[in-house]
Every structure is written in structure tokens, then in C-alpha cells.
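Below is one structure, written out as C-alpha cells, with a few remarks after it.
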Amino acid sequence: MKQVGEVLERTGRYTFAFVAHVALGLLLAGLLVAAARTLAASTAWVWVSSEGAVAPLSSPLNWTGALIGWFAAAWMAYLVVGWLQQTLEGRRPAFVAAVGAALGAGLPLWVANMGLALVILLLPQRSVAGAYPALEAASLAVLALLLPAMVFAAARAGGFRSALMRLAEALGSPGYGRLLTRPGFWAAVAPLLLWLVLASRLGGLGLQLDLDRPLAAQFYGLLVAEALRGFLTTVVGLPIVAAVLRSVYDVAWGSPGEASATPAPPAA
């Protein structure tokens with residue numbers, strides 16, 4: 001229990017350190033996500049209120065929101081990977097290199113989630129609702145199992161290809177499976193898993209038209225709600241993600257002074 005307490009305390013310190021280090025970048029990320037969610041809400045509202053007369057995929061609002069959302073994701077990857085590499089390796093990567101490292105490190109997780117999404121598509125319609133919680137739990141489990149290798153790759157890679165090589169090194173390192181049984185590792189991962197579950201409950205558009213009330217008021221209320229939701233979930237969630245990744249790195253691979261060029265989990 002002492003190790004668990006130390007890990008949680010360290011994760012809390014990393015959260016505040018990340019906020020202090022990238023405060024302006026974090027604010028920009030929150031504004032970008034707020035803009036993307038607002039445009040997505042506008043597209044969905046126009047589609048619902050027009051009874052499907054406008055196709056969302058052809059809407060300029062939809063594509064603009066998607067582009068802003070993609071840039072927001074890239075910017076957040078740059079903030080997290082840049083902070084990890086600066087605190088662990090003493091170097092600040094370029095934007096393209098940091099985003100490439102994040103993409104390479106996260107590729108196995110993306111493939112696994114695509115496989116789970118395919119399972120949902122192949123299920124009978126009546127079984128999807130019942131199977132979704134199990135598939136969500138499976139996605140979180142895959143994330144936890146891959147996280148030590150992913151954070152190692154993101155922290156030490158100089159781009160997409162380099163991240164794939166680092167990922168293979170980490171997954172093939174001796175003792176990788178053993179580190180997944182440590183209480184300290186699960187204490188480090190727990191805040192991220194809890195936040196992802198909570199964030200999924202906070203997301204989603206609530207588009208229910210009340211024809212007895214002015215539609216304009218409902219529309220602007222929805223936009224404000226989505227903008228606030230996107231901003232708050234970003235400025236709260238991104239520091240949690242960054243702190244957990246750094247804490248997982250410490251538990252799995254050792255502190256910067258202890259980490260070696262050859263990946264091998266430190267002794268328990």
C-alpha cells in the first residue's frame with residue numbers, strides 16, 4: 001500500500017507540473033476542442049431540425065469542425081509528448097516529430113480499437129447495447145496492457161518510424177509481462193482509466209427538440225453547453241493523461257537517472 005500511495009502522490013505532482021509547464025498551450029487546446037464541438041453540435045442541430053434534408057457529411061460546418069478537431073488532437077499530442085521528452089530526455093521535439101511519435105506509439109491501440117469496433121458492427125442489432133459495456137471494458141484493458149510500451153515509445157522516439165521501433169523494443173523487453181502485475185503500475189494507470197470512463201459519460205450530444213419552446217434559445221444553449229464541455233474536459237483531462245503517462249514511465253522503466261538505453265523494467 002505504501003508503493004500505491006507514493007505512486008498516486010507522484011501522479012498528483014506531475015499533474016500540476018504539466019499545467020504549470022504548458023499553461024498557455026493547454027488553454028489553446030481547450031479552445032480548439034470547444035470550437036470543434038461547437039461546430040459538430042451546429043451540424044447535428046441543422047440536420048435534426050431540417051428532418052434530415054441536409055446531409056451532415058457534406059456540411060461545411062462538419063468538415064471545418066473535423067479539421068479543427070484533428071489539429072486539436074495533434075496539438076495535444078505535441079504538448080504531452082513534448083513534455084514527456086523534455087522531462088525525461090532533456091529535449092523538446094519539433095511539432096511534426098512529436099505528433100509522429102504519438103501516432104507510432106498509439107498505432108497498436110488504434111488497431112485493437114478498430115478490431116473491437118468491427119466486432120460491434122458484426123453483432124446483431126439487438127445485441128449491441130448489451131455487448132457495448134464489455135467491449136468498452138476490453139478497450140480499457142488493452143490500453144492498460146499496452147501503456148508501458150506506448151509511453152516508452154512516445155518518450156524516446158524522434159518520429160513515427162522511430163516510435164514503432166521503440167514500441168517493438170519495449171514489448172519484447174524481458175520482464176514486460178511481470179511489470180503488469182505490480183500494484184504500483186495499476187495505481188499509476190487507475191486515474192487514467194477512471195477519467196476515460198467519466199469522460200465517456202460526459203460526452204455525447206443531447207439533441208431533443210421541444211417544439212413548445214423557441215428553437216433559437218435551444219440552439220444557442222446547446223452550443224454554449226458543448227463549448228463548455230469540450231473546454232473543461234480538455235483542460236481537466238489532458239493534465240491527467242500527461243501525469244499518468246509520466247507516472248507509468250517511472251514505474252515501468254525507472255526515473256530518468258535510472259533509465260537505460262536498453263529497455264528493461266527495473267526490479268520490483
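Just so you know, residue 1 is the first one in the sequence shown, and it goes up from there.
With Phe231 as the partner, the side chain to side chain contact (heavy atoms under 4.5 Å, CB included) test is satisfied by one option alone out of Thr38, Leu27, Leu32, Val33: Leu27.
Both tests hold for Arg92 against Tyr78: distance to the six-membered ring centre under 6.0 Å, angle to the ring axis within 45°.
The backbone N or O of Gly177 lies less than 3.5 Å from no partner atom in the side chain of Thr181, so there is not a single donor-acceptor pair. Judged by distance alone, the side chain of Gln85 and the main-chain N or O of Val80 form no donor-acceptor pair under 3.5 Å. Ser173 places a side-chain N or O within donor-acceptor distance of the main-chain N or O of Ala170, the cut-off being under 3.5 Å. Side-chain N or O atoms of Arg166 include none that pairs as donor or acceptor with a backbone N or O of Ala154 at under 3.5 Å.
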- request: Evaluate the side chain to side chain contact (heavy atoms under 4.5 Å, CB included) criterion for residues Arg156 and Glu89: first the C-alpha distance (whole Å), next the side-chain angles of each, then the deciding distance (0.1 Å), finally the verdict.
  value: CA-CA 7 Å; Arg156 296 198 173 186; Glu89 300 285 304; 3.8 Å; yes
- request: Starting from the C-alpha separation in whole Å, work towards a yes-or-no answer on salt bridge (Lys or Arg N to Asp or Glu O under 4.0 Å) for Glu6 and Arg10.
  value: CA-CA 6 Å; Glu6 291 175 350; Arg10 186 169 56 205; over 6 Å; no
message: If you apply the rule side chain to side chain contact (heavy atoms under 4.5 Å, CB included), what do you find for Leu143 with Leu192, and how did you get there?
response: CA-CA 10 Å; Leu143 169 63; Leu192 176 61; 4.2 Å; yes
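Pairing each heavy atom of Trp253 with each of Val151, the nearest pair is NE1-CG1, 4.4 Å.
Qualifying ring-ring contact (aromatic ring centres under 6.0 Å, His included) partners for Phe16, counting only residues two or more places apart in sequence or in other chains: none. Under the rule for a ring-ring contact (aromatic ring centres under 6.0 Å, His included), Tyr14 has no partner lying at least two apart in sequence or in another chain. In this structure Arg161 satisfies the salt bridge (charged side-chain N to carboxylate O under 4.0 Å, His left out) test with no other residue, sequence neighbours excluded.
Heavy atoms of other residues, nucleotides or ligands lying less than 6.0 angstrom from CG of Leu24 number 12 at most.
Here the OG1-CD1 distance, from Thr11 to Ile240, works out to 10.5 Å after rounding to the nearest 0.5 Å.
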